[in-house]
Amino acid sequence: MKMVAFIPARSGSERVPGKNIRALAGHPLLAYSVESAVNSGCFESVFLVTDSEEYADIGRYYGALCPALRPQETSGASSPDLSWLQWVLSHSDFDVRDVQAFSILRPTSPFRRSQTIQRAVRDFLSGSFDSLRAVSKVTEHPGKMWCVQGTTMSPLLPFEINGVPWHSNQTKVLPEVYVQNASLEISLVANVRERDSISGSIVRPFFTEGFEGMDLNTEDDWISLESVAERELGVLECIERKAWVG
């Protein structure tokens with residue numbers, strides 16, 4: 001199955017400005033996604049999908065292709081992934097004509113290494129799946145969550161076990177629940193082109209291990225990423241070339 005990697009890196013982050021190119025252990029964050037994708041050997045091509053010429057230059061320096069900048073209407077804070085995927089898959093400058101599947105590798109998950117990608121691709125190819133999505137076990141079970149309306153509240157999930165509401169059961173007897181993380185996704189091109197969907201209907205879980213699922217969404221997350229990168233040997237993909245200096 002021919003597969004490509006898409007690394008989405010828009011430039012307009014509000015919560016963590018410039019997060020996709022912040023320097024971690026000397027290299028811009030997006031460099032680790034490019035390096036791990038290339039080193040995995042799983043992809044026909046590795047594309048950086050960005051609205052910024054600066055980001056495009058950085059991506060090209062580290063080995064990604066960036067034949068065109070994505071339009072602003074696909075690069076807003078609320079733009080769904082489907083919008084830029086549809087743009088990429090229909091753009092003549094992106095050579096994806098014979099590609100059957102793609103992986104989304106977000107720069108904000110720098111501890112997803114080439115071995116992680118290889119493991120995920122093996123999982124995806126092990127059966128007839130529409131897509132694969134990285135997940136990790138929740139630390140706060142949704143069965144214990146409530147929605148507040150004014151001065152009253154009701155359970156988020158009104159389920160029961162033998163007549164006892166989830167919120168009144170011990171957590172250990174509740175079903176295991178997983179939350180998606182930003183580490184990676186793999187999907188058939190047909191999902192986007194024929195179904196206006198990224199995941200399709202048959203989704204295989206990919207269970208991230210260790211720090212693979214860590215993601216950058218807040219300044220506190222950045223502090224955690226820096227701490228892990230400093231103390232954990234081998235947690236980042238090794239980059240041999242000199243750091244980008246701009």
Side-chain angles (χ1 to χ4, degrees), residues 1-16 19-21 29-30 33-34 36-37 40 42-53 55-56 59 64-109 112 116-117 120-121 123-125 127-136 178-206 208 212-213 215-217:
M1 181 179 290
K2 287 189 176 181
M3 189 179 302
V4 296
F6 294 137
I7 300 172
R10 70 182 190 90
S11 60
S13 175
E14 297 173 359
R15 287 182 296 178
V16 186
K19 65 180 182 179
N20 288 314
I21 59 170
L29 208 60
L30 65 82
S33 288
V34 175
S36 61
S40 74
C42 295
F43 306 113
E44 300 287 316
S45 302
V46 177
F47 293 105
L48 184 73
V49 185
T50 182
D51 59 336
S52 164
E53 190 59 59
Y55 288 20
L65 301 174
C66 189
L69 297 183
R70 69 195 247 191
Q72 290 303 309
E73 58 266 26
T74 71
S75 303
S78 59
S79 299
D81 288 332
L82 187 61
S83 65
W84 64 259
L85 280 167
Q86 289 173 328
W87 173 78
V88 166
L89 292 174
S90 63
H91 199 294
S92 59
D93 288 344
F94 289 83
D95 188 7
V96 294
R97 288 166 297 179
D98 299 323
V99 171
Q100 292 129 340
F102 62 86
S103 180
I104 300 175
L105 306 172
R106 302 181 197 279
T108 51
S109 290
R112 172 231 311 110
T116 316
I117 297 169
V121 170
D123 285 355
F124 179 67
L125 297 177
S128 298
F129 306 108
D130 292 333
S131 66
L132 170 147
R133 185 182 290 267
V135 295
S136 51
Y178 293 82
V179 60
Q180 67 184 46
N181 61 56
S183 179
L184 60 80
E185 298 171 53
I186 301 175
S187 180
L188 298 175
V189 170
N191 289 328
V192 176
R193 286 182 170 160
E194 300 171 14
R195 307 180 186 105
D196 290 332
S197 170
I198 298 176
S199 59
S201 57
I202 305 174
V203 184
R204 195 207 197 281
F206 175 69
T208 49
E212 292 172 339
D215 187 34
L216 173 59
N217 289 302

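This one's a predicted model, so the numbers in the text were calculated from it and none came from an experiment. For the numbers below, each heavy atom of this structure counts, side chains included, while hydrogens, waters and symmetry mates do not.
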**Student:** So how far is it from Ser11 OG to Gln72 CD, rounded to the nearest 0.5 Å?
**Tutor:** 6.5 Å

**Student:** Rounded to the nearest 0.5 Å, what separates atom OG in Ser199 from atom CZ in Phe129?
**Tutor:** 14.0 Å

**Student:** Would you kindly say whether Arg10 and Ser75 are connected by a side-chain donor-acceptor distance under 3.5 Å?
**Tutor:** no

**Student:** Calculate, to the nearest 0.5 Å, the distance between atoms CD1 and CD1 belonging to Ile104 and Ile186 respectively.
**Tutor:** 10.5 Å

**Student:** Which distance, rounded to the nearest 0.5 Å, do you find between the CZ of Arg106 and the OG of Ser183?
**Tutor:** 10.5 Å

**Student:** How are the rings of Trp87 and Phe94 set relative to one another: parallel (under 30°), tilted (30 to 60°) or perpendicular (over 60°)?
**Tutor:** perpendicular

**Student:** Are any of the side-chain heavy atoms of Leu69 and Thr50 separated by less than 4.5 Å?
**Tutor:** yes

**Student:** Is there a side-chain contact between Phe102 and Val96 (heavy atoms, below 4.5 Å)?
**Tutor:** no

**Student:** Any donor-acceptor pair under 3.5 Å linking the side-chain atoms of Ser109 with those of Asn181?
**Tutor:** no

**Student:** So do Ile198 and Asn191 actually touch side chain to side chain, heavy atoms under 4.5 Å?
**Tutor:** no

**Student:** Between atom CG of Leu29 and atom NZ of Lys19, what is the distance when rounded to the nearest 0.5 Å?
**Tutor:** 9.5 Å

**Student:** Using 0.5 Å steps for rounding, measure from the CG atom of Leu85 to the CZ atom of Arg70.
**Tutor:** 9.0 Å

**Student:** Would you indicate whether the side-chain heavy atoms of Phe43 and Leu105 approach each other to under 4.5 Å?
**Tutor:** yes

**Student:** Just checking, any donor-acceptor pair under 3.5 angstrom between side chains of Arg112 and Ser33?
**Tutor:** yes

**Student:** Establish, from distance only, whether the side-chain atoms of Ser201 and Asp130 form a donor-acceptor pair under 3.5 Å.
**Tutor:** yes

**Student:** Indicate yes or no for a side-chain donor-acceptor contact from Arg204 to the backbone of Asp123 under 3.5 Å, with no hydrogens or angles considered.
**Tutor:** yes

**Student:** Under 3.5 Å, is there a donor-acceptor pair between the side chain of Thr74 and the main chain of Trp84?
**Tutor:** no

**Student:** Donor-acceptor pair, Ser103 side chain versus Glu185 backbone, under 3.5 Å?
**Tutor:** yes

